[in-house]
Amino acid sequence: GKWDQNHEIKPLSIVGSVFNKLCEVFVRVASPPQRVAAASELKKILGSQASLLLEIMPSLSKIIALCEASNTYFVDSAESMRFLCCKLLNILSNNLARRIVIWLDDLQWSDSASM
């Protein structure tokens, strides 16, 4: 549906919503070995930074056990989030051996961090 114009837009809410649903779908359709492989790869590639994604995509915790984000300093947090989201998308699609298409509509309602 259309973004409710009367709500306050939280940073990364659009991206978080899309990736949160992607994590839910992955958990539902991936086989147990695929989930284990994805979790292992996420730990290896994203390391402790994966916990930064929990705030915008809580369903990620269904794939990989994560602790709350530490007080790690990032020079460019928007760039870090882009990197983490791209790596997450790559890992999930590789472990499903399927293409994942993300359709973004009504981007005019998104926050600047999501762009």
Side-chain angles (χ1 to χ4, degrees):
K2 298 251 182 220
W3 175 255
D4 186 345
Q5 298 175 36
N6 297 322
H7 284 93
E8 186 178 319
I9 298 174
K10 295 187 329 188
L12 298 169
S13 61
I14 303 294
V15 171
S17 175
V18 169
F19 278 89
N20 198 54
K21 288 178 183 163
L22 175 62
C23 290
E24 290 171 4
V25 169
F26 181 82
V27 169
R28 191 175 64 242
V29 301
S31 68
Q34 288 172 319
R35 288 194 299 270
V36 169
S40 175
E41 196 172 348
L42 285 166
K43 284 179 187 177
K44 178 182 171 188
I45 293 176
L46 302 183
S48 63
Q49 290 184 346
S51 62
L52 296 171
L53 297 174
L54 275 181
E55 191 172 326
I56 64 167
M57 56 185 89
S59 291
L60 180 59
S61 65
K62 295 176 182 178
I63 300 171
I64 182 175
L66 296 169
C67 300
E68 291 296 318
S70 63
N71 293 332
T72 307
Y73 175 76
F74 289 99
V75 174
D76 185 347
S77 61
E79 188 65 30
S80 296
M81 290 306 279
R82 275 192 289 277
F83 170 80
L84 293 172
C85 288
C86 287
K87 289 298 183 184
L88 175 65
L89 181 61
N90 188 25
I91 291 167
L92 296 183
S93 64
N94 286 342
N95 281 285
L96 279 178
R98 297 180 183 179
R99 289 189 180 133
I100 295 176
V101 176
I102 297 176
W103 180 269
L104 301 174
D105 194 12
D106 294 329
L107 290 177
Q108 70 271 22
W109 306 120
S110 67
D111 58 288
S112 60
S114 294
M115 301 305 289

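Numbering of residues begins at 1 and proceeds along the displayed sequence. Just so it is clear, the model here is predicted, and its values are computed rather than measured.
With sequence neighbours excluded, the residues forming a side-chain hydrogen bond (donor to acceptor under 3.5 Å, both in side chains) with Gln34 are Ser31, listed by chain and number. Annotation: side chain to side chain contact (heavy atoms under 4.5 Å, CB included) contacts of Val36 (sequence neighbours excluded): none. Not counting sequence neighbours, the partners of Lys43 by the side chain to side chain contact (heavy atoms under 4.5 Å, CB included) test are Ile64. With sequence neighbours excluded, the residues satisfying side chain to side chain contact (heavy atoms under 4.5 Å, CB included) with Ser93 are Asn90, Ile100. Partners of Ile45 by side chain to side chain contact (heavy atoms under 4.5 Å, CB included), not counting sequence neighbours, listed by chain and number: Glu41, Lys87, Ile91.
Nearest heavy-atom pair across Glu24 and Ser59 is OE2-OG, 3.0 Å. When every heavy atom of Ala50 is checked against every heavy atom of Leu60, the shortest pair comes out as O-CD2, 3.9 Å. Met57 approaches Cys23 most closely through the heavy-atom pair SD-SG, 4.5 Å. Taking every heavy atom of both residues into account, Met81 and Leu52 meet most closely at CE-O, 4.1 Å.
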Ser51 vs Leu46, side-chain contact (heavy atoms from CB on, under 4.5 Å): CA-CA, chis, key distance, verdict:
CA-CA 9 Å; Ser51 62; Leu46 302 183; over 6 Å; no
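Rounding to the nearest 0.5 Å gives a distance of 13.5 Å between CG of Leu42 and CZ of Arg35. With values rounded to the nearest 0.5 angstrom, Ser40 atom OG is found 9.0 Å from Asn95 atom CG. We find the CZ-CG distance between Phe19 and Leu88 to be 6.0 Å, quoted to the nearest 0.5 Å.
A 4.5 Å side-chain heavy-atom check between Phe26 and Leu96 finds at least one atom pair inside the cut-off. Side-chain atoms of Ile63 and Leu92, non-hydrogen and from C-beta on, do get closer than 4.5 Å to each other. Looking at heavy atoms from C-beta onward, Val15 lies in side-chain contact with Cys85 at the 4.5 angstrom threshold. Residues Asn20 and Ile56 have side chains not in contact (no heavy-atom distance under 4.5 Å, counting atoms from C-beta outward).
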